[in-house]
Structures are given as structure tokens and as C-alpha cells.
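Written below as C-alpha cells is the structure these notes are about.
Naming: A, B, ... by sequence-line order, numbering from 1 per chain.
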Amino acid sequence: DTGVSQDPRHKITKRGQNVTFRCDPISEHNRLYWYRQTLGQGPEFLTYFQNEAQLEKSRLLSDRFSAERPKGSFSTLEIQRTEQGDSAMYLCASSLRLAGRGETQYFGPGTRLLVL
Amino acid sequence: QKEVEQDPGPLSVPEGAIVSLNCTYSNSAFQYFMWYRQYSRKGPELLMYTYSSGNKEDGRFTAQVDKSSKYISLFIRDSQPSDSATYLCAMSASSNYQLIWGAGTKLIIKP
């Protein structure tokens, strides 16, 4: 399967703990996006990378959230000092951005986080 | 007011019916329009992708974009129980590929 993969699929943690999620994009894709989705809502943009550069970060994103894409391939999203309000599905998407062309984002299965 | 409005439903129709799903938006800069399908506890799956105005057909699915009315639609013909899912519209401006999403419409196809 050459789609977007995410690990873990589910994570239960206690409030105050740190968690890290991993996303492996489609191999030739140069853009990688992180979204958060809560029940009954569309995905909410968190941040995105073009290759290894983090180009945009949502103003809604707390300083407790950090993302990396060190070699322009896989990415990690870390949440420090988790809060119950962080409970959500965290989605990763990747796309191939070409100059002058539209792009299509392909999503992974998501990591469902529950903070107790 | 949200940039993209979408009726959350649920929309319940009998198997075989034609389904119409819609989104309205306020930003005239949007040029790229997408429909995603999301099954429970799964990531969104791209169904249709259109640029600017017009229609696009793919099998049982037809996407329509009316930029003058800031209104997009997804039609599903010969609906099947397997089409039961949440359908999300998403759109972006040509200069910024950050997607703006509707909240999703939950569709239920009754056998």
C-alpha cells in the first residue's frame, strides 16, 4: 500500500503527558499537512511543510504543539503537556505541489487521541 | 459566519435515490473545489476535484460548481448503502492551497 500512513492509530494518555504521532506521506509528495478533527466538524488546519520547510502554522495552534519533517519525508507531531481539549482525530495529508498546477491532498487514516 | 457552510444532516434517503449534497461559501477567491467522503473513524477520501465553474462526472458522482452563486453540489445517482458516510466539501484559493472545509453532511442510505 503506497498511501499515507499514520502511527499510532489510537492513543490514550493522561493529562499532562507528552505524545508524538508519526506520518509517512506518499513517497513522491513534497507537501505534508497536519489537521485536527473533532466530532461533527471538518478538519482544522494545523501546519504544513513543503519538503523539510514548515511554511505555515495555524494561529490557533498552541505552543504545546510542534511538528517536524527533518528529511522532507516522514513527519512527527508532538503535543506537550496534553489537555483534555486536545482529544481529537489528528489527520495527516500529503500532496504533490507543482508550479502552476492545482494540488490534491491525500489523507491518512488518522490518529485518534483521547486525553483522560 | 463561517467561510464554508454545509448542512450537517443527517440526510436519510432510500437505496437507489438520487442524493444532492451542497455547500455555500463566501470567499470569491476560491478556485479549487473538492468533495471528500469520510467513513466513521477513517480519514477523508477524495471523491471529486474541480477547478473553477462547471460540472464534472465520475461514475455515479457528479460535481457542480456555480461560482456566481458561490454554491457547489455533489450528486450521487443510484445511491447504495455503502455510500453511507459523511461528505465533506473543501475549497482553496489559487494563491494559497490551504483547504477550507465544510463541517460535513452525514448521509444515510437505507436498504
Validation row: A:Gln37, B:Gln38 side chains within 4.5 angstrom (heavy atoms): yes
With rounding to the nearest 0.5 angstrom, report the [atom1] to [atom2] distance, [X] to [Y].
X	Y	atom1	atom2	value
B:Lys42	A:Arg9	NZ	CZ	5.0 Å
A:Ser95	B:Leu46	OG	CG	11.5 Å
B:Leu99	A:Tyr35	CG	OH	4.0 Å

Partner chain A: residue of B:Ala103, B:Gly102, B:Gly43 with the largest heavy-atom pair count (under 4.5 Å): B:Ala103
Over 12 non-hydrogen atoms of neighbours within 6.0 angstrom of [atom1] in [X]:
X	atom1	result
A:Arg64	CZ	yes
B:Tyr25	OH	yes
B:Ile18	CD1	no

Within the 6.0 Å centroid threshold, strictly below: B:Trp101 and A:Phe107: yes
Selection from A:Pro109, A:Pro43, A:Ala93, A:Gly108 maximising heavy-atom pairs under 4.5 Å formed with chain B: A:Pro43
Contacts of residues 71-83 of chain B with chain A (heavy atom under 4.5 Å): none
Proximal component of B:Pro8, with respect to chain A [non-hydrogen, under 4.5 Å]: neither
For the student: nearest non-hydrogen atoms of B:Leu88 and A:Gly42, plus distance: CD2-CA, 3.8 Å
Residue-level interface, residues 66-78 of chain A with chain B, non-hydrogen cut-off under 4.5 Å: none
